[in-house]
Amino acid sequence: MDDRVILHLIRHEKTAANIARKYIGWTDEPIVTEQVHMNIPVATTVVYGSDLMRCEQTAALYFPSAKFKAHADLRETHFGDFEMKTYEELKDNLSYRAWIDCPGNNPPLNGESLAAFQARVLNAVKDIVVAAGQYTFVVHGGVIRILLAQFAPDVTNFQQVMANHRTLYTLEWSNIKDFQGGARCKLYSEALLTEKDNTSKHN
C-alpha cells in the first residue's frame, strides 16, 4: 500500500497588481491571462486554493476538468496599510522598512503578523491533508513560501524562500504520520511550467 503524502504547489497566474509589483494580499483581483495551455506534469481531479478569484481562475486554466475547493485560510497574508502599494511608494516609510528587515517582529500596520499567517496556513493544509495521497494546491506566493520554509529539506526561513509564478513545487513524505508530525519532506523538486506549442507548421 502506498502511504506517501505528496503536495504539489503552484502559484496563481499574475494579476495587474503583480505586474505592477504591488503588494496584493486580500484584494480580490482577477488574473490577466485569459487563455493559456500549460504543460502540467501532474494530473488531479481536485485542486485546493484560497477563496480569492486569482486562485480559482488559475486552477480552471491549468486543470480545466478538476473540481476547485476553496479554503479562506489559504489566502495570502493581509498586508494592512501596505496593501496595493509598491516598494517605491513605501520605501521611506519607517514601519515598512522595519517589516522588510524583520517581518517576524514587525507586522504590517493594520495587517497580519507572520506568526498568525503561518499558523492559519499550516492549520488549513493539515485540515485538508488527512490521509495518504497526492494533493494539488493553486495558491499565493506567501502561502508557498510558508510551506517551503516549514517543510522543504534544507532548513531555511521565510525571507530566504522564493515562490515564482509558473513553477511546480513538489514535496513528498514517506507516510501521513511524518507529515502530520511536522517532519520535513524526504523528497523535494521544482519544475518550470511551460506553455504548450500549439503553432502549426506551414507547408
Side-chain angles (χ1 to χ4, degrees), residues 2-19 24-78 117-152 161-173 175-176 178-180 185-196 198:
D2 192 346
D3 293 328
R4 293 178 300 165
V5 171
I6 301 174
L7 304 188
H8 300 295
L9 311 175
I10 303 174
R11 189 177 178 183
H12 60 77
E13 284 279 312
K14 291 181 179 180
T15 71
N18 291 141
I19 293 171
I24 176 171
W26 289 17
T27 300
D28 202 7
E29 187 175 71
I31 61 176
V32 297
T33 306
E34 295 183 358
Q35 185 174 2
V36 65
H37 300 283
M38 304 296 291
N39 291 303
I40 308 292
V42 297
T44 185
T45 58
V46 178
V47 176
Y48 300 92
S50 84
D51 59 343
L52 299 178
M53 68 175 77
R54 55 191 185 270
C55 290
E56 184 169 5
Q57 290 173 339
T58 302
L61 283 177
Y62 289 5
F63 303 96
S65 299
K67 179 179 180 181
F68 184 79
K69 291 190 176 182
H71 198 308
D73 283 345
L74 290 175
R75 285 188 178 195
E76 181 59 276
T77 193
H78 192 312
F117 178 39
Q118 180 184 46
R120 70 168 168 84
V121 168
L122 294 178
N123 286 336
V125 172
K126 288 180 179 179
D127 283 346
I128 292 167
V129 182
V130 294
Q134 296 196 45
Y135 297 82
T136 301
F137 292 81
V138 173
V139 285
H140 307 273
V143 172
I144 294 174
R145 291 172 68 193
I146 288 289
L147 294 173
L148 296 186
Q150 181 75 18
F151 293 123
V161 181
M162 297 298 295
N164 297 313
H165 296 277
R166 297 192 176 183
T167 302
L168 174 68
Y169 302 90
T170 299
L171 303 88
E172 181 177 327
W173 291 260
N175 55 71
I176 187 67
D178 286 350
F179 169 77
Q180 291 176 333
C185 66
K186 296 296 185 183
L187 296 174
Y188 172 73
S189 65
E190 298 178 14
L192 294 178
L193 302 180
T194 58
E195 293 187 52
K196 293 179 180 177
N198 294 318

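Note: hydrogens, waters and symmetry copies are ignored here, and every other heavy atom, side chains too, is used.
Listed here is the closest heavy atom pair of Val129 and Tyr135: CG1-CE1, 3.6 Å. For Leu171 against Ala152, the heavy-atom pair with the smallest separation is CD2-N, 4.1 Å. Ala70 and Ser50 get closest at one heavy-atom pair: CB-O, 3.8 Å.
For Phe68 and Phe63, the ring centers sit 6.0 Å or farther from each other.
The CG atom of Leu193 sits 8.5 Å away from atom CZ of Arg166, with the distance rounded to the nearest 0.5 Å. To the nearest 0.5 Å, the span separating CG on Leu168 from CG on Asn39 amounts to 12.0 Å. Taking CD of Gln118 as the start and CZ of Arg145 as the end, the distance is 12.5 Å to the nearest 0.5 Å. Rounded to the nearest 0.5 angstrom, Thr44 OG1 and His8 NE2 are separated by 8.0 Å. Taking CD of Glu76 as the start and CD1 of Ile24 as the end, the distance is 9.0 Å to the nearest 0.5 Å. Between Ile10 atom CD1 and Met38 atom CE the span is 8.5 Å, to the nearest 0.5 Å.
Without hydrogens or angle criteria, Glu29 side chain to Ala17 main chain gives a donor-acceptor distance under 3.5 Å. Distance alone, capped at 3.5 Å, is enough to place a donor-acceptor pair between the Arg120 side chain and the Arg75 backbone. The closest donor-acceptor contact from the side chain of Asn18 to the backbone of Thr15 lies under 3.5 Å. Remark: side-chain polar atoms of Thr167 are paired, donor with acceptor, to backbone N or O of His165 under 3.5 angstrom. Using modelled atom types, one side-chain atom of Asp28 and one backbone atom of Met53 make a donor-acceptor pair closer than 3.5 Å. Checked by atom type and distance alone, the side chain of Glu13 never pairs as donor or acceptor with a backbone atom of Ile31 at under 3.5 Å. Between the side chain of Trp173 and the main chain of Lys186, no donor-acceptor pair closer than 3.5 Å is present.
Contact check for Phe179 versus Val125: side-chain heavy atoms found under the 4.5 Å cut-off. Between Val42 and Ile6 there is no side-chain heavy-atom pair separated by less than 4.5 Å. Taking the side chain as every heavy atom from C-beta outward, Asn164 and Arg11 never approach each other to under 4.5 Å. Side-chain contact check for Asn123 versus Asp73: every heavy-atom pair is 4.5 Å or farther apart. Inter-residue side-chain proximity for Lys14 and Thr33 is flagged as unmet; no heavy-atom pair is nearer than 4.5 Å. Residues Leu147 and Tyr169 have side chains not in contact (no heavy-atom distance under 4.5 Å, counting atoms from C-beta outward).
When each of Ile144, Val143, Val139 is tested with Val121 by the rule side chain to side chain contact (heavy atoms under 4.5 Å, CB included), just one qualifies, namely Val143.
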